[in-house]
Amino acid sequence: MKTIAMKFGGSSLADASQFKKVASIIKSHEGKLYVVASAPGKRCKDDTKVTDMLYACYDSASQKADFSSSLDAIKARFSEIIVNLGITFDLDSEFSVIAKHLSDTPQRDYMASRGEYLNSKILATYLGYDFIDPANYVFFGQDGVLNAERTNTELARALSKTDHAVVAGFYGTGADGKVKTFSRGGSDVTGAIVARAAKADVYENWTDVSGMLSADPRIVKDPDAIEEISYKELRELSYMGASVMHEDAVFPVRSAGIPINIRNTNRPQDKGTWIVAHRENPAQSGKIVTGIAGKKGFSSLRVEKAMLNNEVGFAAKLLNIIASAGVSFEHVPSAIDSMSVIVDSAAFRANRSRILESVQDILHPDATIVDTGIALIAVVGMGMVYKKGVAAKVFSALAKAEVNIRMIDQGSSEINIIVGIDEPDYEKAVNALYDAFFR
Ligand code: ASP
């Protein structure tokens, strides 16, 4: 019998009609089914997510202001779902517990978690599934980080007692015994934790897009959806700003070798994107590049010094200066007599004088040059390990588009080529690269 972990995002469970779609997707599966639900998301563009309503309600309560109308508005969202699903659910007693909590000692994370708690309980009632409250099974350590092993053991035990359950996403219990949430979008993480604990064959992550796109649709018109991507490629693209799920959701399933399938609740017929541990010779499929992603907002600090190549420990000292200022670096392109460090502009700006003074005092350079306004673009694909001429294609596409390349870095994993360019060229460069590899 197959075991499937399925996570449904906020837009998939925003109202009763979405609940019905979700139920028919779940019912079309067979085997042990563990469902993770988010709080109701936006029903249309200008709508408000229930989680945001909960935070606003908490803000009023914590300032001792009247929170009753904002709590009523939240209750109305759930009430509409219950009425339109035609189920019996005691919303009044749930909301009197919440109202009492807000009047006594309001806690921000507890309040935020009620969206997932109620939506999951409602979904469990609608499906006739068991409801599992993660407050009893998902644990965070003193450092605020998920206690992955304890959680896995406790959750596995709970899941082994049922074949069909809905687990609320987004929260667990902190070291102080109080409810604690993940960062925003954290139901993805709960889904991954549940998949691992259930030893699922697949983690289906149901959202409102038919998978991950090979480029940012705000820049490239109608980019292809990615059919298959490895965890490693996903990491590279997410790091450069491509987003499809919460970043931390990859680790639990990756270590357990469980594939992720990103699917669209509104178009269940689409295959979506498969995120897998290994891809068999991906170049054979004709796709050398899996995706293109990038970000603006980087600066380069270039330190020049004659005979730098003979100075042992120069690089370590420079990186130490950056690290001591609490700034992390992205890339370190170097030449014989100069070395550059590419850093996030905002982090650098906040520590600029301290870094420049240390460079002067410790490294005694001939010149120190700061360039701002750099954008980085990563061209990512397992296929390039097997294929010649990928770098040449990147550079000629950018040259043809008259984009000046400021920095080049091929990651040692050989699955990405990163270029640094001037920010104003960013959109043009992404399109040129997309045309070269995808059109
Ligand atoms: N409801 C939470 C949020 O809006 C968590 C989630 O949806 O994953 O961030």
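Counting starts at 1 for both ligands and their atoms, following the listed order.
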**Request:** Fit a plane to each ring of Phe8 and Trp206, take the angle between them on a 0 to 90° scale, and name the class: parallel (under 30°), tilted (30 to 60°) or perpendicular (over 60°).
**Result:**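 Ring orientation, 0 to 90° scale: parallel.
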Looking at [X], which atoms of ligand 1 are within less than 4.0 Å of one of its heavy atoms?
X: Arg184; value: 3 (C), 4 (O), 9 (O)
X: Gly185; value: 3 (C), 5 (C), 6 (C), 8 (O), 9 (O)
X: Phe170; value: 2 (C), 5 (C)

**Asked** Taking atom 2 (C) of ligand 1 as the point of reference, which of Glu116, Lys7, Lys42 owns the nearest heavy atom?
**Response**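 The nearest heavy atom belongs to Glu116.
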**Request:** Scan Asp270, Asn264, Thr265 and name whichever one has a side chain to side chain donor-acceptor pair (under 3.5 Å) with Arg267.
**Result:**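 Checked Asp270, Asn264, Thr265 against Arg267; only one passes side chain to side chain donor-acceptor pair (under 3.5 Å): Asp270.
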**Message:** Give me the residue, atom name and distance of the protein heavy atom closest to atom 6 (C) of ligand 1.
**Reply:**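 Checking every protein heavy atom, the shortest distance to atom 6 (C) of ligand 1 gives Ser187 OG, 3.4 Å.
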**Prompt:** Taking the non-hydrogen atoms of Gly169, is any one of them nearer than 4.0 angstrom to ligand 1?
**Reply:**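 Contact check Gly169 vs ligand 1: negative.
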**Request:** Before accepting this row, confirm whether a basic side-chain N of the pair Lys287/Glu228 lies closer than 4.0 Å to the acidic partner's carboxylate O.
**Result:**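 Not counted as a salt bridge, because no side-chain N and carboxylate O are separated by less than 4.0 Å.
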**Request:** State yes or no: are the ring centers of His101 and Tyr110 separated by less than 6.0 Å?
**Result:**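 His101 vs Tyr110: aromatic centres under 6.0 Å.
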**Prompt:** Under 3.5 Å, is there a donor-acceptor pair between the side chain of Ser120 and the main chain of Tyr117?
**Reply:**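 No, because the side chain of Ser120 does not come within donor-acceptor range (under 3.5 Å) of the backbone of Tyr117.
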**Asked** Which one holds for Ser38 and ligand 1: side chain close, backbone close, both close, or neither close, with close meaning a heavy atom under 4.0 Å?
**Response**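 Answer for Ser38: side chain.
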**Atom of Tyr137, atom of Glu154 and distance for their closest heavy-atom approach** =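 It is CD2-O, 3.7 Å.
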